[in-house]
Amino acid sequence: MWFELRARPLPWRENRDAYRIWISEVMLQQTQVATVIPYFHRFVERYRSLLELADADEHEVLQLWEGLGYYRRARDLLKAAGQLRDAGFDTIPNDEDLVRALPGFGRYTTNAVLSQAYDARLPILEANSTRLLCRLFGIDGDPKITANQRRLWHLAELLLPRNKSGAFNQSLMELGALVCKPTAPACSECPLKRRCVACLQGRQAEIPQHSKSAAMTKLSEVAVVITNGDRVLLVQRPPIGRWANLWEFPHGPNSDGETHELAAARLLEVLGIRGAVETEITTLRHSVTRYRITLTGLHIAYLNGTLDSTLYPNHAWVQLAELTNYPLSAPQRRLAEALGGACHGP
DNA sequence: AAATCGGGGCC
DNA sequence: GGCCCAGATTT
């Protein structure tokens with residue numbers, strides 16, 4: 001009843017179209033409601049139904065997705081739509097096992113879509129309901145650890161009412177988003193205040209406990225060293241992009257007057273690579289092209305230092321000592337160790 | 001169990 | 001600048 005009174009009039013709540021609910025749920029993964037709303041409008045206006053989406057051009061879908069991030073979500077959306085169309089469906093069917101097997105449908109999204117569209121009696125657990133349940137039941141420790149995940153999913157299932165499970169699931173999230181907020185929860189207006197362990201004990205600020213992230217050493221600049229046998233290449237980290245075998249370059253010619261397509265080709269040539277590497281070129285924004293380079297059999301190390309150009313072919317003089325203190329991920333560390341002293345120069 | 005994928009909002 | 005957000009997939 002709290003939900004019926006206080007629920008926000010969100011665009012995907014206008015009806016119970018499983019297609020629209022699906023799009024909204026995927027967009028909402030790791031993305032806040034306010035951010036999603038304009039994207040949702042544009043998307044469902046361009047592709048009004050599952051069948052329209054199934055026939056869509058991937059490049060166009062990705063363009064509509066620009067700014068949301070996690071572009072795999074958009075690709076999986078298209079894949080799933082195609083699979084459903086090929087199987088003869090014109091919308092998301094009310095079939096848990098079938099839907100769960102589609103790309104992009106994990107436990108949360110499957111249950112969220114089917115409960116909202118069809119009142120399927122399936123529990124959900126996400127950021128808002130996690131916070132709410134942790135406080136309500138006084139669950140200590142990091143909610144992300146496996147044991148607590150199991151407890152929380154179990155609770156979500158236990159609490160699920162016989163009917164109207166869709167509204168119930170959404171009310172958990174809505175209450176978490178509007179009242180049981182991460183900081184400064186509005187406990188005075190919470191319908192659960194008399195049954196909430198955290199509220200009764202005044203421990204709202206301590207629950208849920210957030211895991212302490214690893215200490216990070218600050219970097220002014222970062223570079224990458226790639227070796228293939230006796231060939232070594234030093235590449236400056238691009239201004240955007242993350243730790244991975246991934247670089248992004250702006251469109252158009254670089255400072256040396258060569259196109260970045262050519263620069264990428266030169267990079268591969270410097271490394272003496274033919275078949276071992278594939279490049280995948282995607283246009284994300286109009287200003288950025290992404291090159292995914294699969295570095296099979298190559299060694300990569302990451303290191304500190306300031307560089308002033310994008311590509312430095314054949315630089316073997318970089319000191320790996322500069323690697324110190326940066327908390328490399330496990331695969332990065334393995335690569336760095338495998339590289340060993342190969343980069344020690346004069 | 002851990003790593004990866006991102007961009008925007010907020011304190 | 002660090003943390004958070006309607007997670008899924010891969011290893």
- Pairs flagged by salt bridge (Lys or Arg N to Asp or Glu O under 4.0 Å) wherever residues 165-194 of chain A is involved - sequence neighbours left out: Arg6(A)-Glu189(A), Arg8(A)-Glu174(A), Arg13(A)-Glu174(A)
- Separation between the P atoms of dA8(C) and dG9(B), rounded to whole Å: 23 Å
- Item | Length of the line joining Glu25(A):CD and dG7(C):P, which is rounded to integer Å | 8 Å
- Message: Distance check, C1' atoms only: dT9(C) and dG8(B), in whole angstrom units.
- Response: 23 Å
- In chain order, what residues pass the salt bridge (Lys or Arg N to Asp or Glu O under 4.0 Å) check against Asp55(A), with sequence neighbours excluded? Arg85(A)
- Task: Could you identify which residues of residues 151-167 of chain A place a heavy atom less than 4.0 Å from some atom of DNA chain C, listed by residue number, or say none?
- Result: none
Short heteroatom pairs, N/O only, protein and nucleotides 9-11 of chain B, under 3.5 Å:
none

- For dA1(B), take OP1 and OP2 only and decide whether either is under 4.0 Å from a side-chain N or O of Thr146(A). yes
- Quick note, Arg131(A) side chain, CB onward, closest among dC5(C), dA8(C), dA6(C) is dC5(C)
- Other residues, nucleotides, ligands: >12 heavy atoms within 6.0 Å of Arg107(A) CZ: yes
- Message: Just the rounded figure in Å: distance from P of dA6(C) to CD1 of Ile23(A).
- Response: 19 Å
- Message: Please list all pairs meeting salt bridge (Lys or Arg N to Asp or Glu O under 4.0 Å) that have one or both residues in residues 34-44 of chain A, counting only residues at least two apart or in different chains.
- Response: none
- Between P of dA8(C) and CG of Leu68(A), the distance in whole Å: 16 Å
- Going by chain and number, the hydrophobic cluster around Tyr70(A) (ILVMFWY, side chain to side chain under 4.5 Å) further includes none
- Query: Salt bridge or not for Asp76(A) and Lys79(A), using N-O below 4.0 Å?
  - Reply: yes
- Item | Distance, rounded to the nearest Å, where Tyr108(A) contributes OH and dG7(C) contributes C1' | 9 Å
- Heavy-atom distance under 4.5 Å between the side chains of Leu50(A) and Asp90(A), does that happen here? no
- Task: Would you mind reading off the distance between Leu28(A) atom CG and dG6(B) atom C1', rounded to a whole angstrom?
- Result: 16 Å
- Item | Pairs touching residues 15-31 of chain A that satisfy salt bridge (Lys or Arg N to Asp or Glu O under 4.0 Å), sequence neighbours left out | Glu14(A)-Arg20(A), Arg16(A)-Asp119(A)
- Rounded to whole angstrom, note down the P distance from dT4(B) over to dA6(C). 24 Å
- Task: Under 4.0 Å between any heavy atoms, over every strand shown, what does Ala127(A) touch: base, sugar-phosphate, or nothing? Just pick one.
- Result: sugar-phosphate
- Heavy atoms under 4.0 Å, any strand shown: does Trp12(A) hit a base, just sugar-phosphate, or nothing? base
Give each protein N/O atom lying under 3.5 Å from an N/O atom of nucleotides 9-11 of chain C, with the pair distance.
residue, atom, partner, partner atom, Å
dT9(C), OP1, Gly104(A), N, 2.3

- Hydrophobic side-chain clustering at under 4.5 Å (ILVMFWY, transitive links): who's grouped with Leu155(A)? Put none if nobody. Trp2(A), Phe3(A), Leu125(A), Leu132(A), Leu133(A), Leu136(A), Phe137(A), Ile139(A), Leu152(A), Trp153(A), Leu159(A), Leu160(A), Phe168(A), Leu172(A), Leu175(A), Leu178(A), Val179(A), Leu192(A)
- All pairs passing ring pair (Phe, Tyr, Trp, His ring centres under 6.0 Å) where residues 79-119 of chain A contributes a residue, at least two apart: Trp22(A)-Phe105(A)
- Set of residues satisfying salt bridge (Lys or Arg N to Asp or Glu O under 4.0 Å) with respect to Asp95(A), sequence neighbours excluded: none
- Message: Measure CD1/Ile145(A) against P/dA2(B) and give the value in whole Å, please.
- Response: 10 Å
- Task: Assign each of Gln29(A) and Ala147(A) to its nearest nucleotide of DNA chain B by heavy atoms, then name whichever residue's nucleotide is nearer the 5' end.
- Result: Ala147(A)
- Message: Please report the distance, rounded to the nearest Å, between CG in Leu62(A) and P in dG6(B).
- Response: 11 Å
- Message: So, under a plain 3.5 Å distance rule, would you say the side chain of Thr31(A) forms a donor-acceptor pair with the base of dG7(B)?
- Response: no
- Message: If I take atom NZ in residue Lys144(A) and atom C1' in nucleotide dT4(B), what distance separates them, rounded to the nearest angstrom?
- Response: 14 Å
- Message: Could you walk me through whether Gln149(A) and Thr146(A) satisfy the side-chain hydrogen bond (donor to acceptor under 3.5 Å, both in side chains) test, starting with their C-alpha distance in whole Å, then the side-chain angles of each, then the deciding distance to 0.1 Å, before giving a yes or no?
- Response: CA-CA 5 Å; Gln149(A) 281 292 301; Thr146(A) 307; over 6 Å; no
- Taking only residues two or more places apart in sequence, or in another chain, which ones meet Glu157(A) in a salt bridge (Lys or Arg N to Asp or Glu O under 4.0 Å)? none
- Message: So Leu10(A), base contact, sugar-phosphate only, or nothing? Heavy-atom distance under 4.0 Å.
- Response: base
- Arg150(A) near the nucleic acid: base, sugar-phosphate alone, or nothing, with a heavy-atom cut-off under 4.0 Å? nothing
